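Please read the structure below before turning to the comments.
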Amino acid sequence: MVMDHYRNRNIVLTWALLAAAVSAIGASYPTRPQDLTTPVQQRIAISAPHAVSIGWNTYQKLDRPCVNYGTTATNLTKQTCSSNSITYPTSRTYSNAVTLTDLSAATTYYYKIVSTNSTVDHFFSPRVAGDCSSFTMNTIIDLGVYGVDGYTIDMDETKRDIIPNIQPSLNHTTIGRLATTINDYEVILHPGDFAYADDWYLKPKNIFDGQNAYEAIIEQFYDQLAPIAARKPYMASPGNHEAACQELPHTTELCPEGQKNFTDFMNRFGATMPFAFSSTSSDETARVDANIAKQLSNPPFWYSFEYGMVHVTMLDTETDFPSAPDGPGGSAGLNGGPFGAPNQQLDFLAADLASVDRGVTPWVVVAGHRPWYSTGDTGSRCAPCQAAFEPLLYKYGVDIAVFGHVHNSQRFLPLYNGTVDPKGMSNPVAPMYIVSGGTGNIEGLSKVGSNYTGNVFAYAEDFSYGQLEFVDRERLKVRFLRSETGEVLDESLLVKDHTERFIRH
Ligand SMILES: *[C@@H]1O[C@H](CO)[C@@H](O)[C@H](O)[C@H]1NC(C)=O
Ligand SMILES: *[C@@H]1O[C@H](CO)[C@@H](O)[C@H](O)[C@H]1NC(C)=O
Ligand SMILES: *[C@@H]1O[C@H](CO)[C@@H](O)[C@H](O)[C@H]1NC(C)=O
Ligand SMILES: *[C@@H]1O[C@H](CO)[C@@H](O)[C@H](O)[C@H]1NC(C)=O
Ligand SMILES: *[C@@H]1O[C@H](CO)[C@@H](O)[C@H](O)[C@H]1NC(C)=O
Ligand SMILES: CC(=O)N[C@H]1CO[C@H](CO)[C@@H](O)[C@@H]1O
């Protein structure tokens with residue numbers, strides 16, 4: 001979510017004055033481990049059929065990042081290495097990535113990042129496309145750091161929880177819930193707004209140390225997330241808070257090199273997110289379209305993957321389409337990208353969605369950062385995103401679209417071009433939409449605000465997140481959970497016959 005320009009400036013001025021009176025000034029970096037090969041900020045992702053990528057950071061460059069793995073914890077007989085260890089100006093760490101290939105499907109693997117100070121973790125390898133086992137996917141957007149540089153708050157600033165010394169992972173209600181329910185879901189989608197490092201100036205102690213504060217927040221955040229992201233494929237695409245050192249429009253030239261143009265996001269996820277998969281369809285055209293999509297995909301910005309009954313397409317709602325808000329000259333003034341050729345993202349999306357054989361993957365999910373259906377004022381809805389993407393989502397019969405950016409939970413009936421599908425939740429032609437942006441961050445929750453066509457649920461009382469349970473080929477349960485309690489706030493059932501293999505409306 002974009003904070004108001006003038007409010008930002010006032011906050012900066014206020015904090016600058018306050019900072020003079022604050023004793024502990026400066027960025028709050030995590031302690032650098034003595035052993036510089038110690039893996040930190042671990043994250044895994046589905047990287048291709050039968051392949052999982054392992055990403056992690058270290059406080060020194062690794063000549064040869066390696067991972068040992070196997071199917072029992074005590075016998076890690078296989079090893080894979082790479083030469084992928086990269087950094088950028090202002091970062092203290094190196095992003096390392098290794099891809100484990102030829103994995104048996106749906107199998108527990110144990111892995112140990114090679115280091116003189118690392119431990120064994122494990123993951124469940126991806127289900128093959130067409131595996132019709134039921135499974136659950138969580139949707140986590142707009143997450144944010146907890147602790148000295150974050151809050152667990154309501155937008156009401158008097159309610160900000162500023163307890164600084166608590167173990168973050170124990171107190172971040174959404175990360176905490178993802179930990180206590182770790183066996184209940186298989187994949188997490190996170191289309192954008194991760195650490196909120198660009199909000200460093202909201203803490204007075206950071207005000208004279210912005211460059212370090214930005215990096216310190218990133219380090220803290222990915223450390224806090226590691227217990228989850230090291231265990232479950234954590235699928236990322238960009239949000240506006242990944243764009244630059246702060247959100248003041250038209251000031252990115254003031255950002256230090258390394259803190260603009262989605263640099264950390266690219267370093268961190270560029271080698272771990274997948275290209276689109278080759279199709280396993282028996283249909284020749286589908287296989288050709290999937291190959292076109294693979295060539296046009298551009299991870300970590302836009303790409304797709306298949307997992308069991310589901311084809312998931314991840315979008316970049318920030319750059320790379322007409323009037324993209326964070327693109328050069330875009331409304332957010334963040335001057336990012338472009339990351340592909342003109343029209344590459346939209347050509348990718350068309351080929352990718354056209355390639356889906358519902359006989360193999362009956363369900364199609366699209367996830368991106370900015371919604372075009374949302375309650376609240378006009379600014380909550382991304383009109384250029386709608387113009388660019390909605391016709392394709394409709395044409396190819398996408399089942400559900402997942403967004404965030406607005407900091408609350410919302411569910412919409414299936415709708416197209418602002419009109420609710422008369423079939424409702426039973427075999428609608430149009431996609432169903434959700435907003436899953438209430439997971440917790442320093443900017444707090446967004447008020448639900450005024451109603452909007454098709455909305456049937458909206459919640460902004462506490463932190464919450466979304467959950468998609470793919471029951472079988474015809475049934476998808478969509479839930480919202482309250483992070484602190486695990487209570488189900490809303491549950492709905494989308495029913496789709498999925499009798500047509502290739503949908504065109
Ligand atoms: C080893 O790793 C642990 C946890 O990641 C860390 O707390 C500790 O400081 C590291 N030890 C050394 C010697 O770097
Ligand atoms: C370890 O795994 C290898 C092959 O994966 C196998 O040949 C070997 O017997 C295993 N060793 C033990 C102790 O289980
Ligand atoms: C951002 O990075 C991309 C890819 O490296 C590059 O093509 C683009 O020109 C950059 N944009 C700006 C505004 O520097
Ligand atoms: C979308 O709805 C508007 C009116 O709200 C209408 O003018 C326009 O033609 C519709 N577009 C399509 C593609 O149906
Ligand atoms: C919008 O109106 C619908 C229908 O009356 C209702 O179910 C929904 O809760 C409302 N949403 C909001 C945010 O007021
Ligand atoms: C939001 C939240 O869960 N805050 C809790 C963090 O931990 C402290 C100490 O355990 C609690 O008092 C807060 O309520």
Side-chain angles (χ1 to χ4, degrees), residues 29-42 56-60 86 88-89 93 112-121 167 169 219 222-224 226-227 230 238 242-245 250-267 269-270 298-302 316 318-320 324-330 332-342 344-345 371 373-377 380-381 406 408-413 415 420 424-425 433-435 438 445-461 480 489-490 492:
Y29 275 119
T31 310
R32 190 196 299 253
Q34 225 173 13
D35 180 342
L36 297 179
T37 72
T38 303
V40 294
Q41 308 172 22
Q42 298 90 325
W56 73 97
N57 285 32
T58 43
Y59 288 86
Q60 71 174 27
I86 58 172
Y88 57 85
T93 63
K112 185 176 181 294
I113 293 166
V114 175
S115 158
T116 35
N117 186 31
S118 64
T119 52
V120 176
D121 209 326
Q167 272 291 332
S169 52
E219 289 184 27
Y222 287 103
D223 281 346
Q224 291 175 14
E242 279 66 65
C245 72
H250 313 295
T251 60
T252 54
E253 71 277 10
L254 302 176
C255 293
E257 207 48 52
Q259 298 188 359
K260 48 191 167 188
N261 204 13
F262 297 86
T263 301
D264 183 83
F265 176 75
M266 271 193 284
N267 267 250
F269 293 116
N298 188 22
F301 292 94
W302 56 89
D316 170 6
E318 306 309 304
T319 70
D320 290 83
D326 305 353
L334 291 169
N335 196 30
F339 296 103
Q344 184 177 334
Q345 176 170 217
Y373 294 119
S374 172
T375 64
D377 60 23
S380 308
R381 295 177 286 274
V406 179
N408 54 39
S409 284
Q410 301 177 39
R411 175 166 68 84
F412 288 80
L413 290 172
L415 71 172
V420 173
M425 297 288 281
Y433 287 83
I434 63 171
V435 169
L445 294 165
S446 310
K447 291 194 172 60
V448 165
S450 51
N451 210 336
Y452 196 72
T453 316
N455 180 267
V456 278
F457 166 75
Y459 177 83
E461 296 300 304
F480 288 96
L489 299 165
D490 177 64
S492 57

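These numbers come from a predicted model, not from an experiment. Read the numbers this way: they start at 1 and go in the same order the structure lists the ligands and their atoms.
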Aromatic rings Y373 and F412: how do their planes relate, parallel, tilted or perpendicular, breaks at 30° and 60°? tilted
Where does ligand 5 get N/O contacts under 3.5 Å from the protein, atom by atom?
residue	atom	partner	partner atom	Å
ligand 5	2 (O)	N451	ND2	2.3
ligand 5	11 (N)	N451	OD1	3.3
ligand 5	11 (N)	N451	ND2	3.1
ligand 5	11 (N)	N455	OD1	2.8
ligand 5	14 (O)	N451	ND2	3.4

Quick one: look at D35 and ligand 1, take heavy-atom pairs under 4.0 Å, and tell me if it's side chain, backbone, both or neither. both
How many angstroms lie between atom CD of Q224 and atom CD of E219, to the nearest 0.5 angstrom?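 Answer rounded to 0.5 Å: 12.0 Å.
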Interatomic distance, D121 atom CG to Q42 atom CD [nearest 0.5 angstrom]: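 Atom-to-atom, D121:CG and Q42:CD are 7.5 Å apart.
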Using side-chain contact (heavy atoms from CB on, under 4.5 Å) as the criterion, list what pairs up with P300, not counting sequence neighbours.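 Listed in chain order: F265, F269, M273.
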State yes or no: are the ring centers of F480 and F457 separated by less than 6.0 Å? yes
Mark up the atoms of ligand 3 that fall under 4.0 Å of a heavy atom belonging to N335, in ascending order.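 Within the 4.0 Å cut-off of N335, ligand 3 contributes 13 (C).
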Do any nitrogen or oxygen atoms of N261 lie less than 3.5 angstrom from nitrogen or oxygen atoms of ligand 3? yes
So is M266 polar-close to ligand 3, meaning N/O to N/O under 3.5 Å?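 No: no nitrogen or oxygen of M266 is under 3.5 Å from one in ligand 3.
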Which of the numbered atoms in ligand 1 are below 4.0 angstrom from a heavy atom of P33? 14 (O)
Test side-chain contact (heavy atoms from CB on, under 4.5 Å), reference T37, set I113, T116, V114, output is T116
Test T375 against every option in T453, V406, N455 by the side-chain contact (heavy atoms from CB on, under 4.5 Å) rule and name the one that passes. N455
Could you check whether any heavy atom of P328 sits closer than 4.0 Å to an atom of ligand 3, since that is the contact criterion I want to use?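 Outside the 4.0 Å threshold, so no.
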Less than 4.0 Å is my threshold; does some heavy atom of P338 fall inside it relative to ligand 3?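 Yes, P338 has a heavy atom closer than 4.0 Å to ligand 3.
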Residue E253 excluded, over 12 heavy atoms near CD under 6.0 Å: yes
Closest non-hydrogen atom pair, V435 against P371: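 Closest approach of V435 to P371, heavy atoms only: CG2-CB, 4.0 Å.
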Does only the side chain of F339 get under 4.0 Å from ligand 3, or the backbone, or both, or neither? Count heavy atoms.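 Near ligand 3, F339 shows its side chain, while the N, CA, C and O stay back.
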Working note: Q345 + D320, criterion side-chain hydrogen bond (donor to acceptor under 3.5 Å, both in side chains); need CA distance, chi angles, decisive distance, verdict. CA-CA 6 Å; Q345 176 170 217; D320 290 83; 5.9 Å; no
